[in-house]
Amino acid sequence: MTQKVKNGRILINNEWNEAQSGKTFPVLNPSTEEKLADVAEGDQADVDRAVVAARRAFETGPWKKMSARDRGRIIYRLAQLVDKHKDELAELETLNNGKPIFETKNADLPLSIDCFEYYAGLADKIHGDTIPVTGEFFNYTLREPAGVVGQIIPWNFPLLMAAWKLGPALATGCTVVLKPAEQTPLTALRLGELLVEAGLPPGVVNIVPGFGPTAGAAIARHMDVDKVAFTGSTEVGKMVMKMAAESNIKRVSLELGGKAPNIVFADADLDAAAAGAMMGIFFNQGEVCCAGSRLYVEEKVKDEFLAKFKARAESLPLGDPMDPKTRMGAQVSEEQFKKILGYIETGKREGAKVLTGGGAAANKGYFVKPTIFSDVKDEMTIAREEIFGPVVGAMTFTNTDDLIRRANNTMYGLSAGIWTRDIGKAHRLAKEVKAGTVWVNCYNCFDAASPFGGFKQSGFGRELGKYALELYTQVKSVWVSLN
Ligand code: NAI
Ligand code: MG
């Protein structure tokens, strides 16, 4: 399988480089714990070179002079190249991340291609306004690119997160230094090859694999990076904001953790809700920032609902992620695996009941059994902290006002799910829940056109759709005297 890994180097100015330090780091297959590749370990020196390339490309390169429509054409060619190589990319993603090939083929790849296509089409539709000001003036706004953008992305959807970041940055005419997560740099590097093939001018996208405290921090505190976009933990999000503040006040957007309430009313279609609860917590092994990890079930249907949910969880085929029948793969790393198992033990210790699962699933590879806890209380650790694994805590409610207060009683606010046949109740709750995305009678729905992002400590700024243009442009107001 390792022959699929062609490239483990740093992309600067459309050229592939070793790290200046000469260092590399091993990248593993989490389902076998075997090494897939040695990848160049970029750090401050490589980030510095990448920023110089991005700055030159932004200020003086052909990218600056190119029409927005031609930028769109290049992004479209990239979308077509990703489409052409989708099977290879899906396999590479599954090997590196541990998620099932079923998911990479049916979610990660189609969503990444859609994202590039969407921003290809949007590139020439970005414009300012004319504003009817008082007095003899003509006033208009220009939407200009933010400049050199640093993008630091996580390991849970490696290629898709690269697409969410690169699509709008390229559509707006920014240039980029992208740092993939150290666990999963391989699809971003393959994407770099496709970017060059698509005709992107040198320096427009530079890709520096490496670790957070070195390469990531070098981006966040760089004096010549105009904006940093980060997806990852709330803890590191705070550090990125601080580094931005202490360096050059670069603009920041953050997409951080979550602890989403998924709310099942007695009047819901309970089979659909059980399928949705499954999708909400077991999709991508629960390594999803918007995972429905707090399950609130109306008391009177608790037993019926949990029986359905448990049966479904126990029927999930777990195993070799490359097997098309597999629906539960491996967690991304030993660190995450151990963290999840630690939370499962904490849940047991604090008095929650294991309805199903409750531990590791294999001797080799980082597999965790789909785990449902019942009799969970709001104040338990597993109901408050982001686990980022296939572990859900079920709680019950009787009163809707009380439920809303409990659902909102979290530092996070990324997403929420609501299951009911009562449309009035659905819309009222959709308004009252403090979250950037609300799914009614569905879960984990995504489209390149619809915005995604957090309230509270889940971050700020909206990715996707036209909303992402705000992240990568700045507005200039121009006054012209008419006298
Ligand atoms: P992390 O936040 O440390 O890593 C995410 C990205 O930030 C990676 O590219 C990493 O190299 C980079 N990074 C790490 N430290 C940095 C620093 N000091 N300066 C700049 N960049 C830095 O997340 P980690 O440690 O991989 O996972 C820990 C927890 O974070 C997970 O268990 C999960 O709860 C949460 N998480 C949330 C994600 C989301 O989608 N919102 C994605 C990944 C993790
Ligand atoms: Mg970390």
Side-chain angles (χ1 to χ4, degrees), residues 25 27 30 39 41-44 47 97 99 108 150-158 160-162 164-165 177-188 207-222 225 228-247 250 252-260 283-291 293 331-343 366 368 381-382 384-391 411-415 436-437 444 446 452-461 463:
F25 63 101
V27 170
V39 170
E41 184 186 329
D43 61 21
Q44 165 122 34
V47 167
N97 170 279
K99 64 173 82 190
D108 301 70
Q151 302 182 319
I152 303 171
I153 59 173
W155 40 260
N156 52 343
F157 293 90
L160 185 60
M161 291 302 103
W164 283 24
K165 294 280 184 285
V177 176
L178 175 78
K179 192 198 85 64
E182 57 272 25
Q183 298 85 350
T184 57
L186 300 180
T187 46
I207 305 179
V208 184
F211 291 87
T214 48
I219 291 173
R221 51 167 193 254
H222 205 289
V225 169
V228 60
F230 171 81
T231 299
S233 61
T234 295
E235 181 198 356
V236 175
K238 289 181 184 184
M239 291 162 67
V240 166
M241 235 176 135
K242 197 161 173 238
M243 288 187 270
E246 286 173 353
S247 53
K250 61 178 66 63
V252 176
S253 55
L254 303 174
E255 204 267 89
L256 309 174
K259 192 74 190 174
F283 175 65
N284 209 45
Q285 295 72 242
E287 293 171 337
V288 184
C289 45
C290 49
S293 51
Q331 309 304 136
V332 74
S333 65
E334 188 179 8
E335 184 187 345
Q336 291 299 311
F337 176 70
K338 287 189 171 155
K339 178 182 161 186
I340 296 162
L341 295 180
Y343 273 115
Y366 309 126
V368 177
T381 307
I382 56 166
R384 288 185 294 107
E385 295 183 10
E386 181 173 58
I387 300 174
F388 228 65
V391 181
M411 71 177 205
Y412 295 114
L414 195 55
S415 61
T437 297
N444 278 343
F446 285 94
F452 186 79
F455 283 30
K456 300 194 268 182
Q457 291 188 42
S458 291
F460 55 85
E463 302 197 273

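For the numbers below, each heavy atom of this structure counts, side chains included, while hydrogens, waters and symmetry mates do not. Just follow the structure's listing: the first ligand is 1, and inside any ligand the first atom is 1. Positions are given from 1, in the same order as the sequence printed here.
In terms of N/O distances under 3.5 Å, ligand 1 is approached by Lys339. Checked against a 3.5 angstrom limit, the closest N/O atoms of Gly212 and ligand 1 fall inside it. Ligand 1 has no nitrogen or oxygen under 3.5 angstrom from a nitrogen or oxygen of Ile152.
Distances from atom 5 (C) of ligand 1 to the heavy atoms of Val236, Thr231, Thr214 put Thr231 nearest. Across the listed options Leu178, Asn156, Leu256, Asn156 owns the non-hydrogen atom lying nearest to atom 40 (O) of ligand 1. The residue among Pro213, Ser233, Gly216 with a heavy atom at the shortest distance from atom 21 (N) of ligand 1 is Gly216.
The CD atom of Glu334 sits 10.5 Å away from atom CG of Leu341, with the distance rounded to the nearest 0.5 Å. Distance CZ/Phe230 to NZ/Lys179: 9.0 Å, rounded to 0.5 Å.
Neither the backbone nor the side chain of Glu235 comes within contact range of ligand 1; no heavy atom lies under 4.0 Å. Neither the backbone nor the side chain of Ile219 comes within 4.0 Å of ligand 1, counting heavy atoms alone.
Protein heavy atom nearest atom 8 (C) of ligand 1, with residue, atom name and distance: Ile153 O, 3.5 Å. The nearest protein atom to atom 10 (C) of ligand 1, hydrogens excluded, is given as Glu182 OE1, 3.5 Å; this is a heavy-atom distance. At the top of the distance list for atom 24 (P) of ligand 1, counting protein heavy atoms only, stands Trp155 NE1, 3.8 Å. Nearest to atom 38 (C) of ligand 1 among the protein's heavy atoms is Phe388 CZ, 3.4 Å. Of all protein heavy atoms, the one lying nearest to atom 25 (O) of ligand 1 is Glu335 OE2, 4.4 Å.
Between Gly42 and Thr214, the shortest heavy-atom contact is O-OG1, 4.3 Å. The shortest heavy-atom contact between Lys165 and Gln151 is O-NE2, 2.8 Å. What you find for Ile387 and Ile340 is that their closest heavy atoms are O-CG1, 3.9 Å.
Using modelled atom types and a 3.5 Å distance limit, the side chains of Glu385 and Tyr343 yield a donor-acceptor pair.
Near Pro154, with a cut-off below 4.0 Å to any heavy atom, the atoms of ligand 1 are 42 (C), 43 (C). Against a heavy-atom cut-off of under 4.0 Å, Ala217 is close to the following atoms of ligand 1: 19 (N), 20 (C). For ligand 1, the atoms closer than 4.0 angstrom to any heavy atom of Glu386 are 33 (C), 34 (O), 35 (C). Near Gln336, meaning under 4.0 Å from one of its heavy atoms, ligand 1 places the atoms 27 (O), 28 (C), 31 (C), 32 (O). Numbered from 1 in the order shown, with element, the atoms of ligand 1 that lie under 4.0 Å from a heavy atom of Cys289 read 39 (C), 40 (O), 41 (N). Of all atoms in ligand 1, numbered sequentially from 1 with element shown, those under 4.0 Å from a heavy atom of Phe230 are 2 (O), 6 (C), 7 (O). In summary, the atoms of ligand 1 found under 4.0 Å from a heavy atom of Met239, numbered by their order in the structure, are 18 (N). Applying the 4.0 Å criterion to heavy atoms of Lys179 picks out, from ligand 1, the atoms 9 (O), 10 (C), 11 (O).
For atom 1 (P) of ligand 1, the nearest protein heavy atom lies under 4.0 Å away.
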Step by step, would you call Lys259 with Arg384 a side chain to side chain contact (heavy atoms under 4.5 Å, CB included)?
CA-CA 7 Å; Lys259 192 74 190 174; Arg384 288 185 294 107; over 6 Å; no
Could you walk me through whether Thr231 and Glu463 pass the side chain to side chain contact (heavy atoms under 4.5 Å, CB included) test, one step at a time?
CA-CA 11 Å; Thr231 299; Glu463 302 197 273; 3.8 Å; yes
Hey, mind stepping through Arg221 and Gln44 against side chain to side chain contact (heavy atoms under 4.5 Å, CB included) and telling me if it holds?
CA-CA 10 Å; Arg221 51 167 193 254; Gln44 165 122 34; 3.7 Å; yes
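None of Ile219, Asp43, Val47 except one satisfies the side-chain contact (heavy atoms from CB on, under 4.5 Å) rule with Val208; the exception is Val47.
Ring centroid separation for the pair Trp164 and Phe452 comes in under the 6.0 Å cut-off.
One finds no salt bridge joining Lys339 and Glu335 here, because no Lys/Arg side-chain nitrogen approaches an Asp/Glu carboxylate oxygen to under 4.0 Å.
Side-chain contact check for Val177 versus His222: every heavy-atom pair is 4.5 Å or farther apart.
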